[in-house]
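To start, the structure under review is shown below, and the notes come after it.
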Amino acid sequence: RRFASAAASRAERAAAARLRLDYRAAAEHFAAAAGMVAGDEREAWRYKAEQASALYDHGREFGDNAALRDAITTYGDALRLAPRERVPLDWAMTQNNLGNALQALGARESGTARLEAAVAAYRAALGEWTREHVPLNWATTQNNLGSALHRLGERESGTARLEEAVAAYRAALEEYTRERVPLDWAMTQNNLGTALWTLGERESGTVRLEEAVAAYRAALEERTRERVPLQWAATQFNLGNTLALLAQRTNDPARMAEAMGCMRGAAEVYREADEGFVRPIAEQRVGEIAAELEWMGGVGGT
């Protein structure tokens, strides 16, 4: 009882550190708490999982790849404390979170090994996080799987991974419905649109691009400028790029004009939010699309 009480006290200190965004300190407190309850696998797993989560947050938010590697190792420790045969849902949660850490690190590396490992972790999680038992968790992992497959598809010359990504996003939307989780539905629609855009860019027709436009327009039904302005701007940016590519392929100035309107809206929000990284990209695209529109005989101007 004394050890359990001491562990709970360290966990409280960890939570306070997390609120200060001191994720490294939080991870150290959770690690200490896990050591204090080593004889109780369930509690030790809980603290180990929290330690890994704090390391993941630090690595993701501060660009610290070493922290992401530590998170991956710590999730591995947590998996040993939550065997599938005894606590299948805890095991599946840990696999999903391990996949997130692997994907975050894999996105920053040039190879594909981490992304392949992330796909394997998500597929493992889906073995227990089934649609029948935990439908929203299943949808979460399907969305995560789609993201990892999309990243892999971007690095490969073929389209098989991208097709798998589209299938995973569409599966997620079967449970991530607009009525139940509107912002998660919109996020997945946006992700689906991006995977379709990547496919459409590699193909000569317009079918995939039209599907991408439909997905982005759906996302904007919930990702409104008033509600989530930066997410609205991100989807407007994606929609603008897709419409511009469609306009080029069909020589349609009306589509190009619509693309410019989308990009201008995105650039305006990024200016208002002082988003230094994406703002110049959006502003540059406004100029490029305006030039394309002028070349087509429409009304350009920046």
Side-chain angles (χ1 to χ4, degrees), residues 21 23 56-65 67-68 100 103-110 143 146-147 150-151 153-155 169 182-198 200-201 209 212-249 252-296 298-302:
L21 306 184
Y23 299 118
Y56 168 70
D57 287 342
H58 182 85
R60 183 188 56 180
E61 294 182 25
F62 294 98
D64 188 340
N65 289 352
L68 289 175
N100 291 342
Q103 182 173 182
L105 186 57
R108 298 174 185 174
E109 296 177 344
S110 58
N143 180 69
S147 296
H150 184 196
R151 290 184 188 279
E154 289 178 317
R155 297 182 184 185
Y169 288 135
L183 289 181
D184 288 334
W185 173 83
M187 170 194 66
T188 308
Q189 289 283 6
N190 180 77
N191 293 346
L192 172 61
T194 304
L196 288 163
W197 180 87
T198 307
E201 188 183 34
L209 295 176
V213 166
Y216 290 136
R217 291 197 196 284
L220 289 168
E221 292 175 18
E222 293 294 339
R223 279 188 166 187
T224 64
R225 185 170 182 173
E226 297 72 27
R227 187 180 190 182
V228 282
L230 288 178
Q231 292 176 17
W232 176 86
T235 302
Q236 286 284 1
F237 182 91
N238 294 339
L239 176 58
N241 278 328
T242 308
L243 288 167
L245 184 54
L246 266 172
Q248 289 170 349
R249 290 193 180 173
D252 185 347
R255 277 275 173 85
M256 193 64 78
E258 188 180 2
M260 188 167 67
C262 292
M263 203 61 68
R264 278 178 168 165
E268 183 179 326
V269 167
Y270 290 141
R271 280 195 299 271
E272 291 170 356
D274 196 23
E275 288 289 316
F277 177 71
V278 290
R279 172 187 166 184
I281 298 172
E283 290 175 342
Q284 180 181 344
R285 286 297 290 141
V286 169
E288 292 168 350
I289 292 170
E292 288 274 359
L293 182 58
E294 188 173 1
W295 180 82
M296 286 181 172
V299 180
T302 58

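Predicted model, so just to flag it, every value in this text is computed and none were measured. All residue numbers in this chain count up from 1 along the given sequence.
- Between Ala247 and Arg255, the shortest heavy-atom contact is CB-CB, 3.7 Å.
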*asked:* Checking Met256 against Trp295 for the side-chain contact (heavy atoms from CB on, under 4.5 Å) test, could you report, in this order, the C-alpha distance in whole Å, the side-chain angles of both residues, the deciding distance, and whether it holds?
replied: CA-CA 11 Å; Met256 193 64 78; Trp295 180 82; over 6 Å; no
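- For the atom pair CH2 (Trp232) and CZ (Arg227), the distance works out to 15.5 Å, reported to the nearest 0.5 Å.
- Looking at Trp197 and Asn238, their side chains never come closer than 4.5 Å, going by heavy atoms from C-beta outward.
- Note: Met296 CE to Asp252 CG = 7.5 Å, rounded to the nearest 0.5 Å.
- Inter-residue side-chain proximity for Met263 and Asn241 is flagged as met; some heavy-atom pair is nearer than 4.5 Å.
- Two residues are said to be in side-chain contact when any heavy atoms from C-beta on lie closer than 4.5 Å; Met187 and Glu222 fail this criterion.
- Of all non-hydrogen atoms in Tyr270 and Ala282, the two that sit nearest each other are CD1-CB, 4.0 Å.
- Side-chain atoms of Arg271 and Glu283, non-hydrogen and from C-beta on, do get closer than 4.5 Å to each other.
- The shortest heavy-atom contact between Tyr56 and Asn100 is CE1-O, 3.7 Å.
- For the pair Leu21/Tyr23, a side-chain contact is recorded, criterion being any heavy-atom separation below 4.5 Å from C-beta on.
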_Test side-chain contact (heavy atoms from CB on, under 4.5 Å) on Glu201 and Leu209; report intermediate values, then the result._
CA-CA 8 Å; Glu201 188 183 34; Leu209 295 176; 5.6 Å; no
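- In this structure, a donor-acceptor pair under 3.5 Å is absent between the side chains of His150 and Thr194.
- Here CG of Leu230 is found 10.0 Å from CD of Glu272. Values are rounded to the nearest 0.5 Å.
- Ion pairing between a basic and an acidic side chain is recognised when a charged N comes within 4.0 Å of a carboxylate O; Glu154 and Arg151 show no such pairing.
- The two residues Gly240 and Ala259 come nearest to each other via the heavy atoms O-CB, 3.3 Å.
- The CZ atom of Arg108 sits 5.0 Å away from the CG atom of Asn65 when rounded to the nearest 0.5 Å.
- Taking all atoms of both residues into account, the shortest heavy-atom contact from Arg225 to Val269 is NE-CG2, 3.3 Å.
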*Output, in order, the C-alpha distance, side-chain angles, deciding distance and verdict of side-chain contact (heavy atoms from CB on, under 4.5 Å) for Leu192 and Tyr216.*
CA-CA 8 Å; Leu192 172 61; Tyr216 290 136; over 6 Å; no
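- Between Arg285 and Glu288, the closest side-chain pair of non-hydrogen atoms falls below 4.5 Å.
- Inter-residue side-chain proximity for Gln231 and Thr235 is flagged as unmet; no heavy-atom pair is nearer than 4.5 Å.
- Atom CG of Leu243 sits about 5.5 Å away from atom CZ of Arg217, to the nearest 0.5 Å.
- The distance from the CD1 atom of Ile289 to the CE atom of Met260 is 8.5 Å, given to the nearest 0.5 Å.
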*Checking side-chain contact (heavy atoms from CB on, under 4.5 Å) for the pair Glu268/Gln236: CA distance, chi angles, key distance, verdict?*
CA-CA 11 Å; Glu268 183 179 326; Gln236 286 284 1; over 6 Å; no
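- Cys262 and Leu239 get closest at one heavy-atom pair: SG-CD2, 3.7 Å.
- The shortest side-chain heavy-atom distance between Val278 and Phe237 does not fall under the 4.5 Å cut-off.
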